[in-house]
Peer 1: 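Here it is, the structure, as structure tokens.
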Amino acid sequence: MSSLVSRRSFLTGLSIIGAAAVSACAQLPKQSLEVADSLNPPMPEQTPAPTVVAPAKPEYVSMYQAVEEDGYKLPAIPFAKVNEKFLRQVVDDPTGEKPGTIVVNTVDKFLYLVLKDGKAMRYGVGLGRQGYSWKGRAIVQWKRKWPTWTPPSAMISRDPKLEKWRQGMPPGVSNPLGSRALYIFKDGQDTLYRIHGSPDWKSIGKSASSGCVRMFNQDVIDLYDRVPGKAPLLVI
């Protein structure tokens, strides 16, 4: 009997020790947790870095601000949405032409007005089908402020809604020729090539379905004021 009690006591003791051992593996004592926390402190919360926005260049703000002229109101150009290379800027002249010459590069979609001292004023342009159709040397026969736009008969045939403008669309902010137009002649003949403003600022630097050489309205005004009559032109 005594040996049976002793055996039961022994097994009970083992059960208690085993339970304690399992309990110790399953959960660390509070003190051990505190020590672990001190060895592995929580990572501090990361504060997102503030977004840095480059300030707009003052010259672009003034270049592309809204313009009111002769009763017409041109909206400002959102130049921050435009690739900066297509914004008006003075660059080293890559053309080698004499000062006063206009050079249209139809590949890179730039228009250069050659200045003195090896510099040029560079403007971004957009090109329509007619803008690619002619290359060579010519002159600016005349210039017009707020020109009338007359769609060609072929264009009217493609889009009958233009019939109402067969005799000419009056000047205005929505006129496809924009605020200015330069008319290009060669050997006394109209090439039908035009450099003009455009109400569609998103077309600058791109190819369009129609039109010649498009510029921001604010840029074509600047070019118009710089270019004398009979200015030489080279389209490459």
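Count residues from 1 along the sequence.
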Peer 1: So for atom CD, which belongs to Glu163, do other residues, nucleotides or ligands contribute more than 12 heavy atoms lying within a distance under 6.0 Å?
Peer 2: yes

Peer 1: With a 4.5 Å cut-off on side-chain heavy atoms, are Val213 and His196 touching?
Peer 2: no

Peer 1: Just so I know, are the side chains of Tyr183 and Lys143 near enough to count as touching, which here means a heavy-atom distance under 4.5 Å?
Peer 2: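 No, every pair of side-chain atoms sits at 4.5 Å or beyond.
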
Peer 1: To the closest 0.5 Å, what do you measure between CD1 (Ile77) and CG (Asp219)?
Peer 2: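 Rounded to the nearest 0.5 Å, the CD1-CG separation comes out at 8.0 Å.
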
Peer 1: Distance from Gln189 atom CD to Gln141 atom CD, nearest 0.5 Å?
Peer 2: 10.0 Å

Peer 1: Check the pair Ser207 / Tyr132 against side-chain hydrogen bond (donor to acceptor under 3.5 Å, both in side chains), numbers first and verdict last.
Peer 2: CA-CA 9 Å; Ser207 297; Tyr132 289 105; 2.9 Å; yes

Peer 1: Please report the closest heavy-atom contact between Val173 and Pro75, naming both atoms and the distance.
Peer 2: CG1-CD, 4.1 Å

Peer 1: Are Ile236 and Val91 connected, step by step, through hydrophobic side chains (Ile, Leu, Val, Met, Phe, Trp, Tyr) whose heavy atoms are closer than 4.5 Å?
Peer 2: yes

Peer 1: Shortest non-hydrogen contact from Ala120 to Val114?
Peer 2: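 Heavy atoms of Ala120 and Val114 come nearest at CB-CA, 4.2 Å.
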
Peer 1: Can you name the ring-ring contact (aromatic ring centres under 6.0 Å, His included) partners of Trp146, sequence neighbours left out?
Peer 2: Tyr72

Peer 1: Write down the atom of Val103, the atom of Glu97, and the distance for their closest heavy-atom approach.
Peer 2: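 For Val103 and Glu97, the tightest heavy-atom pair comes out as CG2-CG, 3.8 Å.
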
Peer 1: Evaluate side chain to side chain contact (heavy atoms under 4.5 Å, CB included) for Arg214 paired with Ile204, printing each intermediate quantity in order.
Peer 2: CA-CA 7 Å; Arg214 303 177 176 196; Ile204 305 307; 4.1 Å; yes

Peer 1: Would you check, one step at a time, whether the test side chain to side chain contact (heavy atoms under 4.5 Å, CB included) holds for Phe79 with Met63?
Peer 2: CA-CA 10 Å; Phe79 59 86; Met63 280 181 190; over 6 Å; no

Peer 1: Ignoring hydrogens, what is the shortest heavy-atom contact between Arg122 and Lys85? Give both atom names and the distance.
Peer 2: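 Shortest heavy-atom separation between Arg122 and Lys85 comes out as NH2-O, 3.2 Å.
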
Peer 1: Could you state the interatomic distance from CD (Gln218) to CG (Leu87), rounded to the nearest 0.5 Å?
Peer 2: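 Reported value, rounded in 0.5 Å steps: 11.5 Å.
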
Peer 1: Same cluster or not: are Met121 and Val104 linked, directly or through other Ile, Leu, Val, Met, Phe, Trp or Tyr residues, by side-chain heavy atoms under 4.5 angstrom apart?
Peer 2: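 Yes: a chain of side-chain contacts under 4.5 Å links Met121 to Val104.
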
Peer 1: Would you say the side chain of Asn175 lies within less than 4.5 Å of the side chain of Pro170, judging by non-hydrogen atoms?
Peer 2: no

Peer 1: Should Val140 and Met215 be regarded as members of a common hydrophobic cluster, given that ILVMFWY residues are connected when their side-chain heavy atoms come within less than 4.5 Å of each other, either directly or indirectly?
Peer 2: yes

Peer 1: Side-chain donor-acceptor contacts of residues 221-235 below 3.5 Å, not counting sequence neighbours, with atom names and distances?
Peer 2:
unit_1 : atom_1 : unit_2 : atom_2 : d
Asp222 : OD1    : Arg88  : NH1    : 3.3
Asp222 : OD1    : Arg226 : NE     : 3.4
Asp222 : OD2    : Tyr123 : OH     : 2.6
Asp222 : OD2    : Arg226 : NE     : 2.7

Peer 1: Can you find a heavy atom in the side chain of Val125 that is under 4.5 Å from one in the side chain of Phe110?
Peer 2: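 The answer is no; the side chains never approach within 4.5 Å.
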
Peer 1: To the nearest 0.5 Å, what is the distance between CE (Met155) and OG1 (Thr150)?
Peer 2: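 Separation between the atoms: 11.5 Å.
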
Peer 1: Given side chains that start at C-beta, do those of Lys109 and Phe86 come closer than 4.5 Å, heavy atoms only?
Peer 2: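 Yes, their side chains come closer than 4.5 Å.
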
Peer 1: List in chain and number order the residues that pass side chain to side chain contact (heavy atoms under 4.5 Å, CB included) with Lys206, two or more places apart in sequence or in another chain; answer none if no residue qualifies.
Peer 2: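 Result, side chain to side chain contact (heavy atoms under 4.5 Å, CB included) vs Lys206: none returned.
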
Peer 1: Does any part of the side chain of Pro147, heavy atoms only, come nearer than 4.5 Å to the side chain of Arg194, both counted from C-beta?
Peer 2: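 The answer is no, as the side chains (C-beta and beyond) never meet within the 4.5 Å cut-off.
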
Peer 1: Taking atom NZ as the centre, does Lys202 end up with more than 12 heavy-atom neighbours from other residues, nucleotides or ligands that are less than 6.0 angstrom away?
Peer 2: no

Peer 1: Would you call the rings of Tyr64 and Phe216 parallel, tilted or perpendicular, where under 30° means parallel and over 60° means perpendicular?
Peer 2: perpendicular

Peer 1: Does some side-chain heavy atom of Cys212 sit less than 4.5 Å from a side-chain heavy atom of Leu192?
Peer 2: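 No, too far: nothing below the 4.5 Å cut-off.
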
Peer 1: Inspect the contact between Lys119 and Asp117 and indicate whether a charged nitrogen and a carboxylate oxygen are less than 4.0 angstrom apart.
Peer 2: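 Here Asp117 does not pair with Lys119 in a salt bridge, since their nearest N and O are not under 4.0 Å apart.
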
Peer 1: On a heavy-atom basis, which atom in Ala181 and which in Leu177 lie closest, and how many Å separate them?
Peer 2: CB-CD1, 4.5 Å

Peer 1: Quick check for you: to the nearest 0.5 Å, what is the distance between Thr95 atom OG1 and Leu113 atom CG?
Peer 2: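 Output value for this atom pair is 9.5 Å.
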
Peer 1: Specify the closest pair of heavy atoms between Ser179 and Leu74, including all atoms of both residues, with the distance to one decimal.
Peer 2: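 For Ser179 versus Leu74, the nearest heavy atoms are CB-CD1, 4.1 Å.
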
Peer 1: Does one hydrophobic cluster hold both Ile184 and Ile139, with members joined at side-chain heavy-atom distances below 4.5 Å?
Peer 2: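 No; Ile139 is not reachable from Ile184 via cluster members.
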
Peer 1: Check for me whether the distance between the ring centres of Trp142 and Phe185 falls short of 6.0 Å.
Peer 2: yes

Peer 1: Got Met169 and Ser174 here, is their nearest side-chain heavy-atom distance under 4.5 Å?
Peer 2: yes

Peer 1: If I take atom CG from residue Asp93 and atom NZ from residue Lys98, how far apart are they, to the nearest 0.5 angstrom?
Peer 2: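 So the CG of Asp93 and the NZ of Lys98 are separated by 13.5 Å.
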
Peer 1: Any chance you could lay out the side-chain hydrogen bond (donor to acceptor under 3.5 Å, both in side chains) test for Asp200 and Ser198, step after step, and finish with the verdict?
Peer 2: CA-CA 5 Å; Asp200 183 11; Ser198 173; 5.4 Å; no

